[in-house]
2 protein chains.
Amino acid sequence: MATIQDIADLANVSKATVSRVLNNSSLVTTQKRIAVEDAMNELNFQPNVMAQSLAGGRSMTIGVLTQNFGSPFYDSVSQGVIDGLSDTGYSPIFADGQWKQNTEREVIGTLVGRKVDGLILIGGDVPVSKLNELREQLPTIVVARELDDWENQCIHVDNVDAGYRATKHLIDFGHREIALIHGIRNHPDAVQRFEGYSKALADAGIELNSNLVYSGDFSAQSGVLAVNSLLAQSTHFSAVFAANDMVAFGARLALHRHGIRVPEDVSIIGFDDQAEAAFMTPPLTTMRQPAVEMGVASAAALVKLIDGESYELPRLPIELQRRESVARLR
Amino acid sequence: MATIQDIADLANVSKATVSRVLNNSSLVTTQKRIAVEDAMNELNFQPNVMAQSLAGGRSMTIGVLTQNFGSPFYDSVSQGVIDGLSDTGYSPIFADGQWKQNTEREVIGTLVGRKVDGLILIGGDVPVSKLNELREQLPTIVVARELDDWENQCIHVDNVDAGYRATKHLIDFGHREIALIHGIRNHPDAVQRFEGYSKALADAGIELNSNLVYSGDFSAQSGVLAVNSLLAQSTHFSAVFAANDMVAFGARLALHRHGIRVPEDVSIIGFDDQAEAAFMTPPLTTMRQPAVEMGVASAAALVKLIDGESYELPRLPIELQRRESVARLR
DNA sequence: ATTTAAAATGAAAGCGGTTTCATTACTGTG
DNA sequence: CACAGTAATGAAACCGCTTTCATTTTAAAT
């Protein structure tokens with residue numbers, strides 16, 4: 001591995017000059033610049049990021065804390081971050097917080113220890129106090145989590161409103177007995193979607209029937225459990241609002257097991273619009289989260305933030321993705 | 001941020017001693033060790049990985065090249081890598097090669113530039129010559145790709161055999177007109193699965209009918225296209241072997257659109273066993289890839305390889321996951 | 001109590017860059 | 001042609017840690 005010194009020797013200049021052309025930081029005669037560039041090519045030079053980071057204070061890497069690697073929503077956000085970071089010179093390094101405070105604390109530690117130049121936190125449970133500390137220390141953007149006081153460093157989406165609109169869509173189609181399969185208890189997304197659900201019901205003059213809300217955990221399995229349980233207690237329902245698409249899949253399967261048709265007998269609406277949703281039978285109507293877009297936006301914002309430039313966070317909408325799992329109530 | 005010098009001062013020892021307790025590299029009196037540890041706690045010390053790496057030559061990070069962030073199989077392998085690396089002291093840093101030689105070359109470059117201590121390459125298209133170079137330079141494990149001469153640094157799975165068994169399963173159930181939806185042309189996995197398919201057919205004395213093999217690309221969309229096309233040309237088929245589960249989902253939906261029942265009229269077998277497969281209606285029979293296990297195994301192997309210890313690569317089987325999308329031909 | 005080997009420790013030299021600061025090489029003016 | 005002012009360059013310090021090597025302690029052996 002060639003070092004800056006090797007280049008300097010070959011090009012007959014000093015290390016300092018090499019560094020300057022490397023960073024384009026200060027004027028260098030065209031003649032020497034070319035000599036240096038030639039030397040770099042000849043020796044196939046690749047700067048040692050560690051050394052750069054140590055000396056210069058910047059590592060050109062940005063840390064991304066994601067949750068549950070492999071879960072569609074967080075993956076899509078991550079994908080967006082990758083996209084958004086390409087061609088910026090920054091590379092992302094990912095760590096999985098697994099929605100556990102301890103794990104999150106720990107991996108944030110290793111990220112910070114790796115001297116990342118900035119942090120993107122996707123979801124997660126890190127206490128706000130810790131977050132505020134972090135922000136002092138490092139440019140930080142939080143995604144998919146609502147935080148007071150973070151106006152400009154927080155990209156999130158209105159889950160209450162989306163929950164409202166999902167429910168409203170069902171109501172508009174004539175449904176009044178709408179079951180809700182709740183996500184993980186206390187999970188902000190779940191809680192907020194539920195809030196929207198309640199509000200939509202209220203606005204439509206429908207009384208909330210607690211028999212119709214099942215406490216799940218965002219898994220497909222909880223979707224089947226929910227339907228089984230709902231069916232066991234004979235409170236009738238004509239539609240299901242699932243905490244997310246996975247839950248919807250589970251619910252759809254359970255309904256199928258019971259010989260209940262979707263959407264003829266029961267309508268289902270999901271949340272996320274993960275890739276598989278469009279291929280459920282029938283294709284799943286769902287609230288599409290702008291996951292990739294959030295990732296891209298957060299990357300863009302973070303780079304600006306690091307460079308001290310100003311930026312504006314986009315307001316990203318959750319949109320109803322109409323497909324075929326919701327039908328007008330006969 | 002406290003440095004090793006701060007600790008040294010506080011504990012009244014030299015930097016060298018602090019370094020020693022940090023790395024547990026050489027004997028230190030219990031008394032001083034404790035003093036140092038106390039100081040570390042008090043100052044909330046976190047070693048600067050960049051400096052460690054620069055000085056020590058090791059960065060305690062291992063680079064992972066994955067493909068198409070968000071695709072179930074690669075995600076699962078990655079997940080496995082994370083699991084396998086936890087508690088080893090190494091942290092993974094991920095990069096997405098997007099199944100493009102150029103991108104791969106590039107991101108491997110940045111990984112190497114970041115002085116990772118080892119490399120895990122999941123799938124990908126990097127030419128073998130480059131790989132061989134890489135191997136000289138850095139401990140490297142390749143996952144999900146078959147490579148001659150890499151016996152001990154290559155974790156893969158027998159796609160030919162799995163393709164054979166998938167097809168055989170269909171044949172055992174009485175099917176003889178078996179359509180195959182091929183993955184990306186030239187993609188080794190796809191090619192090998194096709195090879196297994198051909199062989200199983202041959203062994204059963206069934207002639208391969210090229211009308212029954214559709215050239216897809218691993219996407220759900222290609223699954224629907226395949227079925228539409230298959231149906232359009234009136235070559236009858238009673239079963240479909242899909243390149244992977246996504247394709248199976250697409251195929252299943254297309255069949256549904258045509259009023260063809262699964263599995264009563266047509267059986268489907270998938271490949272991967274991604275999370276959603278179990279919740280398809282009907283639940284998808286599929287060849288389960290040991291993705292997570294491969295990730296775990298590769299992580300474990302790489303750590304051994306780095307440490308110069310010996311290890312053995314597990315032989316991981318692809319197993320038929322029987323569910324309900326395959327039925328005996330009436 | 002000596003001598004000697006082994007164990008602990010510290011000083012200092014890197015690791016490969018960046019950056020400050022002083023120096024030298026050019027400009028364009030008067 | 002001398003002179004200032006600016007542009008280009010190099011020397012050297014430094015980033016935070018590891019590691020070698022020499023030195024000091026400690027323990028064991030005589």
Side-chain angles (χ1 to χ4, degrees), chain A residues 1-37 39-40 43-61 89 109-110 112-117 137-138, chain B residues 1-37 39-40 43-61 89 109-110 112-117 137-138 306-307:
Chain A
M1 279 283 84
T3 76
I4 207 181
Q5 182 68 65
D6 301 330
I7 307 291
D9 293 348
L10 187 60
N12 251 307
V13 298
S14 69
K15 285 171 27 176
T17 301
V18 177
S19 173
R20 285 192 261 264
V21 348
L22 200 53
N23 299 290
N24 207 4
S25 57
S26 153
L27 294 312
V28 175
T29 343
T30 319
Q31 176 192 333
K32 304 219 172 203
R33 151 163 289 119
I34 290 180
V36 169
E37 281 166 353
M40 287 184 174
L43 270 50
N44 205 294
F45 173 73
Q46 269 223 278
N48 180 324
V49 181
M50 301 299 154
Q52 291 191 128
S53 159
L54 183 57
R58 49 187 0 214
S59 61
M60 296 311 283
T61 114
T110 94
V112 172
R114 278 197 167 58
K115 293 284 175 273
V116 293
D117 293 336
Q137 192 179 137
L138 216 52
Chain B
M1 280 282 85
T3 78
I4 208 184
Q5 182 68 65
D6 301 331
I7 307 292
D9 293 347
L10 187 59
N12 248 307
V13 298
S14 70
K15 284 169 28 175
T17 300
V18 176
S19 173
R20 285 194 261 265
V21 347
L22 200 52
N23 300 289
N24 208 3
S25 56
S26 153
L27 295 310
V28 175
T29 345
T30 319
Q31 177 192 332
K32 303 217 174 204
R33 151 163 287 118
I34 291 180
V36 169
E37 282 166 351
M40 286 185 174
L43 268 52
N44 207 293
F45 173 73
Q46 270 225 278
N48 180 325
V49 182
M50 301 298 154
Q52 290 189 126
S53 159
L54 183 58
R58 47 185 4 215
S59 61
M60 295 312 283
T61 114
T110 92
V112 172
R114 279 196 169 58
K115 293 282 175 273
V116 293
D117 293 336
Q137 190 179 138
L138 216 54
I306 293 175
D307 295 348

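Convention: sequence-line order gives letters A, B, ...; per-chain numbering from 1.
- Atom CG in B:Leu54 sits roughly 5 Å away from atom C1' in C:dG16 (whole-Å rounding).
- DNA chain C is contacted by both B:Ser26 and A:Gly56; B:Ser26 maps to the nucleotide lying nearer its 5′ end (nearest heavy atom per residue).
- Listed nucleotides: D:dT18, C:dA11, C:dT19. Nearest to the side chain of B:Lys15: D:dT18.
- Of the N and O atoms on the side chains of B:Asp9 and B:Gln5, at least one donor lies less than 3.5 Å from an acceptor on the other residue.
- As a whole-Å value, the separation of A:Gln5 CD from C:dG17 P is 10 Å.
- No engagement by B:Val18 is indicated, since no non-hydrogen atom pair under 4.0 Å with the nucleic acid exists.
- Among the heavy atoms of the strands lying under 4.0 Å from A:Lys32 are primed sugar atoms or P, OP1, OP2 only; no base atom is included.
- With C:dG16, D:dT18, C:dG10 as the candidates, the nucleotide lying closest to the side chain of B:Val13 is C:dG10.
- Here the side chain of A:Ala55 is nearest to one of D:dC17, C:dA11, D:dC15, namely D:dC15.
- Contact annotation: A:Thr3 side-chain N/O to C:dG16 OP1/OP2 distance is not under 4.0 Å.
- Rounded to an integer number of Å, the gap from CG of A:Asn24 to P of C:dG17 is 17 Å.
- Here the side chain of A:Asn23 pairs a donor or acceptor atom with the backbone of A:Ser19 at under 3.5 angstrom.
- Counting to the nearest Å, the C1' atom of C:dG16 and the CG atom of A:Asn23 are 13 Å from each other.
- Rounded to an integer number of Å, the gap from CG of B:Leu43 to P of D:dC17 is 12 Å.
- You'll find the side chain of A:Asp6 stays beyond 4.5 Å of the side chain of A:Phe45, heavy atoms only.
- If you check every strand for non-hydrogen atoms under 4.0 Å, B:Thr29 touches sugar and phosphate atoms only.
- Atoms CE (A:Met60) and C1' (C:dG17) sit 15 Å apart, rounded to a whole Å.
- At least one donor-acceptor pair closer than 3.5 Å links the side chain of A:Ser59 to the backbone N or O of A:Lys115.
- Here C:dA8 presents its P atom at 10 Å from CZ of B:Arg33, a figure rounded to the nearest Å.
- Looking at heavy-atom distances under 4.0 Å, A:Thr17 makes contact with sugar-phosphate atoms alone, never a base.
- Within the 3.5 Å criterion, the main-chain N or O of A:Gln31 finds no donor-acceptor partner in the side chain of A:Thr29.
- B:Asn48 has its CG atom 10 Å from the P atom of D:dT18, to the nearest Å.
- Comparing B:Lys115 and B:Arg20 along DNA chain C, the residue whose closest nucleotide (by nearest heavy atom) sits nearer the 5' end is B:Arg20.
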